[in-house]
Amino acid sequence: MGTLVDGRAVAAGVMEGLAVRVQRLHDRGCVPQLAFVLIGESGPARVYAGRLERLATTVGIDVSRLQLPADVTVSGLERQVGALNADWAVDGILVQMPLPPHLVGAHLSSVIDPHKDVDGITVSNAGKLYLGLPGHPPSTARAILEIIDFAGIEIAGQHAIVIGRSNVVGHPVAELLLNRHATVTITHRRTRDLFCLCRQADVLVVAAGAPGLITPDALKSGVVIVDAGINVTEHGVVGDVDPRCVEVASVMTPVPGGVGPVTNAVLLVGVVESAETRDA
Ligand code: NAD
């Protein structure tokens with residue numbers, strides 16, 4: 001029987017470290033600020049902004065909200081983001097995702113200042129990740145590494161299998177694992193014999209958005225499992241990994257209460273890192 005990692009405890013540790021760093025910034029007259037760009041009436045984006053705002057204020061990070069009308073144009077959105085880029089008091093910029101359909105043509109991946117791109121969506125930060133240079137990786141990918149480190153797992157030399165290749169989770173987490181000298185296999189919807197591959201994993205990161213995709217028969221005994229899946233079902237929020245997998249794993253993250261809380265905390269780490277550079 002493996003251990004369930006409490007993501008809230010991991011997040012609390014991250015926030016404790018952040019509080020000290022933010023205090024040092026305050027002492028020098030610098031208040032880190034995260035700016036949210038919200039478009040129209042999107043309820044989920046507001047809920048997310050509110051949650052991050054409550055967390056940020058516990059350590060002294062300011063959160064501002066720029067509310068744009070639902071009919072804002074691509075150039076209007078890009079102009080507003082440009083103004084936040086130019087605002088020296090803003091350290092991080094988060095634009096509501098997914099964008100409404102009429103804004104998908106906005107070039108946010110090249111418009112947001114990479115230094116303020118705390119969720120790693122820009123081409124510049126993706127390139128830095130690929131080259132193993134310091135930058136802002138997507139926060140969920142960063143949270144997954146934070147959890148593995150918290151659990152005391154040595155990554156170098158392990159066979160890590162990542163299920164999912166999206167730009168926000170699967171692909172970047174594979175790069176982070178590779179940068180830490182894991183042997184990485186990326187799998188996706190078209191992968192053949194997924195379970196056969198999974199049984200070779202020392203570390204299994206699942207980010208597919210497919211409830212219960214991974215069952216105990218897909219696992220090697222003692223595997224470390226990080227489940228990034230968030231699926232809203234009639235039984236509540238569930239992950240991509242069947243909870244019974246903990247009986248075969250050595251370490252596993254639950255859903256909810258695993259990767260999610262850590263993602264919010266490490267996103268704020270990115271804001272503080274930017275502020276520390278601003279203040280230097
Ligand atoms: P996505 O839909 O963009 O990508 C899913 C990936 O999984 C794709 O590469 C797809 O090929 C692969 N996949 C899907 N079904 C599969 C299957 N049956 N077998 C093998 N591969 C399969 O999704 P995403 O944005 O990467 O999100 C993935 C999951 O992570 C979702 O549940 C999402 O809600 C969750 N998520 C969690 C956080 C967090 O903070 N915990 C953040 C972002 C996303």
Side-chain angles (χ1 to χ4, degrees), residues 4-11 14-15 42 44-45 47-52 55 94-99 104 108-109 117-121 126 129 136-148 150 160-177 184-201 204-215 217-219 225-243 245 252-270:
L4 281 177
V5 180
D6 179 359
R8 293 186 185 96
V10 182
V14 172
M15 295 305 292
S42 171
V47 170
Y48 176 54
R51 197 174 295 149
L52 257 184
L55 187 66
L94 267 190
V95 180
Q96 164 188 323
M97 293 288 169
L99 286 173
V104 289
L108 295 180
S109 60
D117 168 33
V118 287
D119 211 10
I121 70 161
L129 180 60
H136 292 297
S139 49
T140 306
R142 190 173 184 174
I144 291 166
L145 269 286
E146 187 73 38
I147 288 170
I148 293 173
F150 176 91
I161 296 193
V162 178
I163 305 183
R165 59 171 166 181
S166 76
N167 290 339
V168 286
V169 195
H171 204 163
V173 82
E175 292 295 340
L176 287 174
L177 289 162
V184 182
T185 302
I186 305 177
T187 67
H188 47 81
R189 260 194 206 93
R190 297 200 189 181
T191 299
R192 281 190 233 117
D193 296 331
L194 181 68
F195 276 24
C196 180
L197 278 168
C198 287
R199 284 187 207 105
Q200 298 171 33
L204 183 63
V205 175
V206 193
L213 172 66
I214 298 302
T215 47
D217 55 320
L219 305 172
I225 306 175
V226 184
D227 184 358
I230 300 176
N231 308 290
V232 181
T233 71
E234 58 186 16
H235 307 296
V237 175
V238 302
D240 291 346
V241 177
D242 184 324
C245 288
M252 183 169 136
T253 58
V255 178
V259 175
V262 186
T263 299
N264 294 338
V266 297
L267 190 125
L268 296 176
V269 172

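Order of listing sets the numbers, starting from 1, for every ligand and every atom in it.
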Quiz item: Residues in side-chain hydrogen bond (donor to acceptor under 3.5 Å, both in side chains) with N167, at least two apart?
Solution: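 Partners of N167 by the side-chain hydrogen bond (donor to acceptor under 3.5 Å, both in side chains) criterion come out as none, since no residue qualifies.
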
Practice problem: To the nearest 0.5 Å, tell me how far L194 CG sits from R199 CZ. | Solution: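 Here the rounded value is 9.5 Å.
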
Quiz item: Could you give the distance from NE2 (H188) to OG1 (T191), rounded to the nearest 0.5 Å?
Solution: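 Here the rounded value is 4.0 Å.
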
Practice problem: Taking atom types as modelled, find out whether N231 and T233 have a side-chain donor-acceptor pair closer than 3.5 angstrom. | Solution: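 On atom types as modelled, these side chains do not qualify, holding no pair under 3.5 Å.
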
Exercise. Could you pull out all residues at least two apart from D119 that satisfy salt bridge (Lys or Arg N to Asp or Glu O under 4.0 Å)?
Key: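 For D119, no residue satisfies salt bridge (Lys or Arg N to Asp or Glu O under 4.0 Å) once neighbours in sequence are set aside.
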
Practice problem: Return the protein residues near ligand 1 (heavy atom under 4.0 Å from any of its atoms), ordered by chain and residue number. | Solution: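 For ligand 1, the contacting residues are T140, I163, G164, R165, S166, V168, V169, H188, R189, L194, A207, A208, G209, L213, A228, G229, I230, N231, V259, G260, T263.
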
Side-chain donor/acceptor pairs under 3.5 Å, residues 205-213, sequence neighbours excluded:
none

